[in-house]
J.: 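First the structure, then my questions, so here it is.
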Amino acid sequence: MVGQDPPDAADAADAVTVTVADAADAADPIAVAERYRLLAEATRDVVMLSRPGHTEWISPSVTDLLGYRPEDLYDAELSLLIHPDDRATTLAQRADVAQGRAVEGRVRLRHKDGTWHWFEGRGQPVPEPDGGYSGRVVSTWRLVDEEVATVDRLARREALLRVILDSSPDVIVRYGRDLRIDYANQRIAEVTGRPPDSFLGKANRDLPFDGYDAIRWDLHLTRVLESGDPDAFDFEGDLGSGERAYEVRLVPEADAAGQVSHVVVQCRDVTDRRQAEEQLELAATHDPLTGLANRALLLDEIDRSLKADERSARTTAVLMIDLDHFKYVNDSLGHQVGDDLLRRAARRLEDHVRGGDLVARHGGDEFVVVMRSLEDPAEAVRVAERLVAAFRRPLVVGDAELFATASIGIASNRPGRRDRRGADDLLREADTAMYVAKQEGRDRLSLFSDDLRVVASERLRLESELRPALGRGELVLWYQPEIDLLTGRLLAVESLLRWHHPSGRLYVAGEFIEVAEESGLILEIGRWVLAEACAQAARWDEVVPERPLTVRVNLSALQLSDGALLADVDAALTAAGLDPRRLCVEITETALLRDLAAVEQNLRGLRARGIGVAVDDFGTGYASLTYLRQFPVDVLKLDRSFVAGLTDGADERERRLVAGIIALAHRLEIPVTAEGVETDEQARRLRDLGCRSAQGFWCSAAVPPADIEAILLGAPTGCATSG
Ligand code: C2E
Ligand code: CA
Ligand code: CA
């Protein structure tokens with residue numbers, strides 16, 4: 001610092017001493033002035049004696065703080081260093097000083113380098129010798145940049161916190177150690193309809209909420225205050241927005257000494273989330289159409305029940321329920337009606353099971369009832385009987401009454417024994433039993449037994465063996481003659497699958513075709529059958545060109561609704577070079593009813609090619625006649641169950657039924673072929689009823705192609721057509 005005295009330094013020192021001189025040595029005025037000058041020079045703040053427009057003395061520290069030397073500032077108008085925004089206040093203060101009033105405040109001053117700095121100033125008016133005031137003032141200026149910055153930072157932080165707190169979707173409340181609220185955010189107003197302020201100073205027991213458990217809240221608060229650990233709980237109640245679910249979190253807030261001084265409580269409305277979670281849970285475990293448990297939940301429940309049985313020695317029974325003829329309803333009346341029917345069926349099931357039984361939709365038209373903790377396994381049979389009876393009554397859908405009887409399979413674990421089977425096993429067994437119920441004529445129940453267990457595993461084995469059979473050339477086609485009942489001539493042949501099983505046994509189609517259909521293998525096998533049957537017809541033509549035979553090929557329902565069917569047929573015919581009119585496909589009525597659009601397209605495509613269409617097993621399906629009116633077919637193959645009734649001593653009604661069917665077919669101008677003709681008598685009666693042709697053991701079972709070739713070459717057919 002320049003140790004140079006400003007001109008008026010002595011004056012200034014004089015003035016400053018007015019009040020403090022008593023403390024110094026009054027006897028030595030120079031020493032006193034020097035002492036004060038030293039003091040003023042030593043301070044880190046700026047000390048200044050001035051009057052408006054004139055600086056009389058300023059401490060050297062000004063150089064450190066503002067970059068100017070003191071002499072630069074004498075006679076300068078210091079207000080030029082004041083920030084324009086602060087000038088107005090400073091001017092006002094000058095007036096105060098001129099009135100003899102002390103002033104203080106914060107202003108920004110410009111450093112010589114052009115930067116602005118915050119100073120806290122205090123101005124003490126200096127009286128003139130006459131005791132009046134003229135604006136002369138002693139002022140001190142302290143640099144407060146850091147303080148201002150800190151305050152600013154804090155203010156900004158607080159504003160930010162307030163925005164965060166007030167915009168929080170959660171109600172946030174702070175409690176002091178006295179368990180009274182000392183802060184509540186804006187959100188509380190939206191939730192309760194009361195302003196945040198109205199909560200201040202309140203204890204939980206003062207809060208105006210219905211059914212609000214103040215004691216429980218206090219308990220949680222106290223726990224946090226005492227332990228210093230966060231806490232949480234759920235509560236449901238009406239805080240003014242109706243009954244809602246809240247998740248409450250309590251967090252301790254410590255003071256500077258590390259003591260828990262407050263508890264901050266965050267109260268989150270989780271009603272919507274809970275509902276969404278419940279819906280998700282419901283969707284994951286329930287069937288949307290019927291609202292019943294879905295397969296996933298079903299498996300869980302069965303497994304859980306089986307586990308419980310291990311401890312209690314009770315029984316779990318599984319009822320597999322399949323609606324008979326459902327496909328027919330669905331396909332002919334539309335999916336809307338089908339859906340309604342399923343919903344009705346679901347309700348009927350629920351109405352007829354016991355209270356604790358689980359009803360689930362297993363898929364399609366299959367339902368499952370799980371009966372848990374049975375003391376008496378026969379109870380399952382009783383419930384199943386009740387269900388079968390219940391489903392004999394029509395289901396009302398819209399204004400229609402639909403009949404859908406039920407076939408039920410029952411399986412249960414073996415009580416009292418270690419039974420390692422799981423839900424899957426039980427379901428499979430119930431399914432097998434249900435399948436047997438269907439086979440036995442539907443509208444009934446069947447119990448899974450050890451015999452059925454064998455059947456079930458047999459089926460599984462068969463499927464695994466059938467899979468590679470085609471590739472290994474184990475499958476062959478045999479042909480069953482169809483004979484003209486009047487002339488005994490060979491009219492056509494039906495190709496029937498045979499399987500040279502690795503065991504050496506020959507399996508007939510009836511023993512494995514279902515497995516092929518259920519596993520989907522039938523598509524691949526069916527494609528091969530078409531190609532092989534066409535090729536065989538062409539081979540016979542080579543040997544006996546003058547006797548072109550019609551070859552009938554069985555199509556499974558799956559094939560008939562397969563988009564690739566026509567391409568497969570074309571490929572088979574082209575490869576064999578066979579006239580399409582020599583081919584006739586046999587389809588069942590049920591297959592006709594499967595997926596109308598795809599089936600119809602395939603049928604039209606077949607007819608357009610001149611390929612014949614025969615309806616197989618005629619008389620066993622549904623709605624057959626309505627369909628026949630819609631779609632022309634070439635041959636009806638009367639099911640052998642009708643033919644079986646044509647024996648001596650048989651019911652006369654049976655005979656009349658067959659007569660009726662044949663007459664009806666003739667009225668529709670469709671020829672009838674009788675299937676399963678085993679005796680001369682049946683053949684004769686059929687002929688008498690006007691049936692033109694027949695096939696069956698009476699004449700010949702299915703035989704290898706060479707035997708057909710022999711017949712074509714003149715060998716006898718083996719049937720006695722004395723007519
Ligand atoms: P289906 O079309 O009704 O065939 C007639 C079945 O009755 C054949 O059994 C045949 O051997 C048998 N059968 C013939 N005459 C008589 C008789 O006088 N009395 C008795 N009791 N039975 C007789 P198979 O060969 O076991 O075939 C069973 C079913 O398998 C067939 O019934 C047919 O629906 C299906 N099938 C056979 N081959 C094929 C095929 O290549 N593809 C498809 N999708 N199904 C086939
Ligand atoms: Ca057939
Ligand atoms: Ca048949």
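We're numbering straight along the sequence, starting at 1. Here the structure is a predicted model, which is why all the values come from computation and not from measurement. Whatever order the structure lists them in is the order used to number ligands and atoms, beginning at 1.
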J.: Under 4.0 Å from atom 22 (N) of ligand 1, is there any protein heavy atom?
T.: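 Protein heavy atom within 4.0 Å of atom 22 (N) of ligand 1: present.
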J.: Test your reading of the structure: does V529 have an N or O sitting under 3.5 Å from an N or O of ligand 1?
T.: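 Among all N and O atoms of V529, none is under 3.5 Å from an N or O of ligand 1.
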J.: Counting each atom of ligand 1 from 1 as listed, which ones have a heavy atom of D616 under 4.0 Å away?
T.: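 That gives atoms 1 (P), 2 (O), 3 (O) of ligand 1.
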J.: Output the list of atoms in ligand 1 that are nearer than 4.0 Å to some heavy atom of D617, sorted by atom number.
T.: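 So the atoms of ligand 1 that pass are 3 (O).
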J.: With distance as the sole criterion, is a donor-acceptor pair present between the side chains of Q695 and E675 under 3.5 Å?
T.: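 Not at all, the side chains of Q695 and E675 share no donor-acceptor pair under 3.5 Å.
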J.: Using the ring of F642 (Phe, Tyr or Trp, six-membered ring only), decide whether R640 places NZ or CZ under 6.0 Å from its centre and within 45 degrees of its axis.
T.: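 Output no; distance or angle outside limits.
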J.: Considering all protein heavy atoms, does one lie under 4.0 Å from atom 9 (O) of ligand 1?
T.: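 Under 4.0 Å from atom 9 (O) of ligand 1, zero protein heavy atoms found.
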J.: Can an N or O of R498 be found at a distance shorter than 3.5 Å from an N or O of ligand 1?
T.: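 Yes; the residue has a nitrogen or oxygen that sits under 3.5 Å from a nitrogen or oxygen of the ligand.
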J.: Give the atoms of ligand 1, by number and element, whose distance to some non-hydrogen atom of Q480 is under 4.0 Å.
T.: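 So the atoms of ligand 1 that pass are 14 (C), 15 (N).
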J.: Quick one: do the Y435 and E514 side chains pair a donor with an acceptor below 3.5 Å?
T.: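 Yes, E514 and Y435 have a side-chain donor paired with an acceptor closer than 3.5 Å.
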J.: Verify whether one side chain among H501 and E474 offers a donor that lies under 3.5 Å from an acceptor in the other.
T.: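 No, E474 and H501 have no side-chain donor paired with an acceptor closer than 3.5 Å.
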J.: Is there a donor-acceptor contact under 3.5 Å linking the side chains of Q536 and R539?
T.: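 R539 and Q536 do have a side-chain donor-acceptor pair below 3.5 Å.
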J.: Would you call R552 and E482 a salt bridge, using N to O less than 4.0 angstrom?
T.: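 Between E482 and R552 there is a salt bridge, with a charged N closer than 4.0 Å to a carboxylate O.
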J.: Is there a donor in the side chain of D324 and an acceptor in the side chain of S407, or the other way round, less than 3.5 Å apart?
T.: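 Present: a donor and an acceptor within the cut-off.
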J.: Would R442 and D322 pass as an ion pair if we require N to O under 4.0 Å?
T.: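 The answer is no: the pair does not qualify as a salt bridge.
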J.: Against ligand 1, does E678 come closer than 4.0 Å with any heavy atom?
T.: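 It does; at least one heavy atom falls under 4.0 Å.
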J.: Minimum distance, heavy atoms only, to atom 31 (C) of ligand 1: which one of L496, I513, D639 is it?
T.: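 Nearest option to atom 31 (C) of ligand 1, by heavy atoms: L496.
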J.: Does an N or O anywhere in N554 fall below 3.5 Å from an N or O of ligand 1?
T.: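 Yes; at least one N/O pair falls below 3.5 Å.
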J.: If you stand at the Ca ion (ligand 3) and look out to OD1 of D616 and OD1 of D617, what angle do those two lines make, to 10°?
T.: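 Once rounded, the angle between the two atoms at the Ca ion (ligand 3) is 90°.
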J.: Of all N, O or S atoms in E494, which has the smallest distance to the Ca ion (ligand 2)?
T.: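 Atom name returned: OE2.
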J.: With a 4.0 Å cut-off on heavy atoms, is E494 touching ligand 1?
T.: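 Within the 4.0 Å threshold, so yes.
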J.: Taking both backbone and side chain into account, is any N, O or S atom of E586 nearer than 3.0 Å to the Ca ion (ligand 2)?
T.: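 Here the distance criterion (N, O or S atom, under 3.0 Å) is met by E586, so yes.
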